[in-house]
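Structure, as C-alpha cells:
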Protein chains: 2
Amino acid sequence: MKSDKISESTTNRLSIYLRCLKAVAASGATTVSSKALADDFHLNSAQMRKDLAYFGEFGVRGLGYSVDTLCDHLTKILGLDKEHRVAIMGAGRLGTALADYYGFRRANFTVTALFDNDREKIGTRIGEVKVLDAKNFAATVKRDNIELAVIAVPASCAQMVFEDIVAAGIKAVLNFAPAALRKSSSDVKLKTVDLTTSLESLSFFLAQPAKQNSTNRKRKTKGGRNTAK
Amino acid sequence: MKSDKISESTTNRLSIYLRCLKAVAASGATTVSSKALADDFHLNSAQMRKDLAYFGEFGVRGLGYSVDTLCDHLTKILGLDKEHRVAIMGAGRLGTALADYYGFRRANFTVTALFDNDREKIGTRIGEVKVLDAKNFAATVKRDNIELAVIAVPASCAQMVFEDIVAAGIKAVLNFAPAALRKSSSDVKLKTVDLTTSLESLSFFLAQPAKQNSTNRKRKTKGGRNTAK
DNA sequence: TGATGTGAAGCGGTTCACAGCC
DNA sequence: GGCTGTGAACCGCTTCACATCA
C-alpha cells in the first residue's frame, strides 16, 4: 500500500511479471495463481506475492489473480499507462539501433529525436526519427516534453552529456557509456547498462576452472535463479 | 586467495576497478591507495579491498597498490589476457550494432561472425564481420573455437537459439532478448541485459510522486551508490 | 604514520511457513 | 481445499573498525 522504499530488484521484477501476465492473457486464461506463474516462468511465488503486496491486495485467496486486472494494475504502477517521450544522445551505431528498438514502442515510449554534434549526421533520419543538433537539446526537451534520455555517446563525453541532460530538467536517464557518471542532484534516476562489465564478467566465468557439476543441485520450484538484478 | 564463491557484484566491480586503474595509469601515477581510487571514482574503499582480498594480497600496507601490477592481476583474474571469440546471433539492428562495438575489441573479444536465417542478410558483411547461415552455427563454433555467444534475436525465438548455443558447447551467453531463458545445464553462464525492464523501471521512477529532496543526505566519502549491481 | 587486510556488526533482500480468507 | 498476504527466520553482501605491517 505504501509505495515508499521500493527496491530496484522489485521494480525490475514487476516489469517481468507484467510480461509474463501478457503471455498468460494471450493464452486465454483469465485467472492465474502465483504458483502457476512461478512454475511456468521460473519465478518465485512467495517473492511475487510479496512484491505485489507493496502496492495493494490484488489477489483472491483460494483463487489467485485475475489476469486482466493485475495487468492493469501493473501497467499503472509502472507508469506505462502514459506515453513517455525519449531523447537519444549520440547517433552512432548504438544510438541508431536503439532509435528503432521495438521495445520502446511496446512499453509506451516514443523516441522523439536523436541528438549529435556531427555535422554529417545532423539532418538525417533514422526511420521516423530525425537527428538534431545537440546544441538545440535543451530547447527541444522543453518544447517536446521529453522526460527520459538515453546516453549512447563515447565514455569520454558521457559525463558532459549527462550534465546537459540534468540541466535540461530530465529526471530519468539510461546510460550505455562505460563510465561511472557522477550525479549532483539525487532526484535524478540514473540506470547504467554497462556492456563492458557484462562482457568481462562472462570472461571471468570462462577463466574459472569450471569445477561445478550440474547434477547435484536442488531442483524444486525454484529452477533458475531470479532474472532481475 | 580462494577464488570460490565469488559473487557477481564482485566480478562486476573488478571490471570497474580495472577501468579506473587504466585511467589512473594514463594520468601517470604508479601507485594508488584504495581511498584515493574510491574518492576519484566514487567507489567504496573497504569494499574494493575486500573484493581484491578474495584473490590475493596485492597491496603494500602504508603505501597502497602498484597501478601496473594491480592492472595485470585484474586482467588475468578476469581472463582478459586471452582472446575470446564471440558469435552474435541475429543480424538485426542490435546485432549489427554490437558487431562493431568498440568495447569488444578493447576487452580482448573478437567477433568472429554474425548468424541469421534471413536469406537477404546471409553473405553480407558488417564491417569486417560476415553474416553466416544459422544452419552452420555448430560447425563454425567448433572450427573457430567460439567461446561466447550473444543473443540478439526477437524474444519469440530466443529460447530456441539459446538451446542451439548450449548444444554447440558454448559456456557463456549474453542475452539481449526480453525473455526469461531456461537453462538446462547449469555450467553455462547466462547473463541477460533486459532493456525493456530497465526502461520500465525508469518509467516506474517517473510515475512516483518525486517526494525526495536532494539536500538532506549523508555526503561523505560515499557520494554515489555503487555502480555494479 | 599510513594504508592494507579482515573479523564482526549491520542491513536489506529473499525464503519460509502459516494464519486468514475465499 | 486452495491460495493469498505477511511476520519471522534466514542469508549474503556491505560497512565498520581495528589489528597488523611497511
Side-chain angles (χ1 to χ4, degrees), chain A residues 1-2 4-14 16-17 21 29-40 42-67 69-70 73 201 218-229, chain B residues 1-2 4-14 16-17 24 29-40 42-67 69-70 73 201 218-229:
Chain A
M1 226 48 171
K2 38 177 178 191
D4 219 29
K5 287 285 175 190
I6 304 298
S7 83
E8 186 133 343
S9 335
T10 296
T11 63
N12 285 343
R13 283 191 300 264
L14 292 178
I16 289 169
Y17 300 151
L21 281 169
T30 62
T31 205
V32 70
S33 76
S34 62
K35 175 131 193 337
L37 253 186
D39 287 351
D40 286 4
H42 52 284
L43 310 167
N44 179 310
S45 61
Q47 188 164 60
M48 174 178 171
R49 294 200 300 277
K50 190 144 261 196
D51 285 335
L52 295 177
Y54 286 120
F55 301 95
E57 308 203 356
F58 304 129
V60 182
R61 288 165 200 239
L63 213 101
Y65 301 89
S66 150
V67 176
T69 40
L70 189 51
H73 278 296
S201 197
K218 272 191 291 184
R219 196 166 294 274
K220 287 172 41 188
T221 313
K222 2 181 19 180
R225 231 80 181 96
N226 90 41
T227 327
K229 212 26 172 325
Chain B
M1 224 49 170
K2 40 177 179 191
D4 219 29
K5 287 285 175 192
I6 304 298
S7 81
E8 186 133 343
S9 334
T10 296
T11 64
N12 286 341
R13 281 191 301 263
L14 292 178
I16 289 168
Y17 300 151
V24 171
T30 62
T31 205
V32 70
S33 74
S34 62
K35 175 131 194 338
L37 253 187
D39 287 352
D40 286 5
H42 52 284
L43 312 166
N44 179 310
S45 61
Q47 188 164 61
M48 174 179 172
R49 293 200 300 278
K50 188 144 264 194
D51 286 336
L52 295 178
Y54 286 120
F55 301 96
E57 307 203 356
F58 304 128
V60 182
R61 288 167 200 238
L63 213 99
Y65 301 89
S66 150
V67 176
T69 39
L70 190 50
H73 277 297
S201 197
K218 273 191 290 183
R219 195 165 296 270
K220 287 172 41 189
T221 313
K222 2 181 20 180
R225 230 80 182 100
N226 88 42
T227 327
K229 216 22 175 331

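Note that the structure is a prediction, hence the values are computed from the model and not measured. Below, read A as the first sequence line, B as the second, and so on, with proteins coming before strands; counting in each chain starts at 1.
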Q) If only side-chain N and O atoms of R13(B) are considered, is one of them under 4.0 Å from the OP1 or OP2 phosphate oxygen of dT14(D)? A) yes
Separation of [N] [atom2] from [X] [atom1] (nearest whole Å):
| X | N | atom1 | atom2 | answer |
| --- | --- | --- | --- | --- |
| E8(A) | dG12(C) | CD | P | 15 Å |
| Q47(A) | dT6(D) | CD | P | 16 Å |
| K5(A) | dG13(C) | NZ | P | 9 Å |
| F55(A) | dT6(D) | CZ | P | 14 Å |
| L43(B) | dT14(D) | CG | C1' | 14 Å |
| M48(B) | dT15(D) | CE | P | 15 Å |
| L37(B) | dT4(C) | CG | C1' | 14 Å |

What protein N or O atoms touch nucleotides 9-11 of chain C N or O atoms at under 3.5 angstrom, if any, and at what distances?
none

Kindly compute the distance separating [atom1] ([X]) from [atom2] ([Y]), expressed to the nearest 0.5 Å.
| X | Y | atom1 | atom2 | result |
| --- | --- | --- | --- | --- |
| L21(A) | I16(A) | CG | CD1 | 12.0 Å |
| I6(A) | D51(A) | CD1 | CG | 8.5 Å |
| L14(B) | M48(B) | CG | CE | 9.5 Å |
| L37(A) | Y65(A) | CG | OH | 9.5 Å |
| L43(A) | K35(A) | CG | NZ | 12.0 Å |
| K50(B) | S34(B) | NZ | OG | 13.0 Å |

Pull out every protein N or O sitting under 3.5 Å from an N or O of nucleotides 1-5 of chain D, one pair per line with the distance.
residue : atom : partner : partner atom : Å
dG2(D)  : N2   : G62(A)  : N            : 3.3
dC3(D)  : O4'  : G62(A)  : N            : 3.1
dC3(D)  : O2   : G62(A)  : N            : 3.3
dT4(D)  : OP1  : S34(A)  : N            : 2.7
dT4(D)  : OP2  : S34(A)  : OG           : 2.7
dT4(D)  : O2   : R61(A)  : NH1          : 3.3
dG5(D)  : OP1  : F58(A)  : N            : 3.3
dG5(D)  : OP1  : G59(A)  : N            : 3.0
dG5(D)  : OP2  : Y65(A)  : OH           : 2.7
dG5(D)  : O4'  : R61(A)  : NH2          : 3.1
dG5(D)  : N7   : R49(A)  : NE           : 2.7
dG5(D)  : O6   : R49(A)  : NH2          : 2.9

**Q.** Nucleotide nearest K50(A) (side chain, heavy atoms from C-beta), chosen from dA8(C), dC16(D), dG7(D)
**A.** dG7(D)
Q: Please determine which of Y17(B), F58(B), F55(B) meets the ring pair (Phe, Tyr, Trp, His ring centres under 6.0 Å) test together with H73(B).
A: F58(B)
(Q) Given 3.5 Å as the limit, does a donor-acceptor pair link the side chain of S66(B) with the main chain of T31(B), or not? (A) no
Q: Taking the side chain as every heavy atom from C-beta outward, state whether L52(A) and L70(A) have any atom pair closer than 4.5 Å.
A: yes
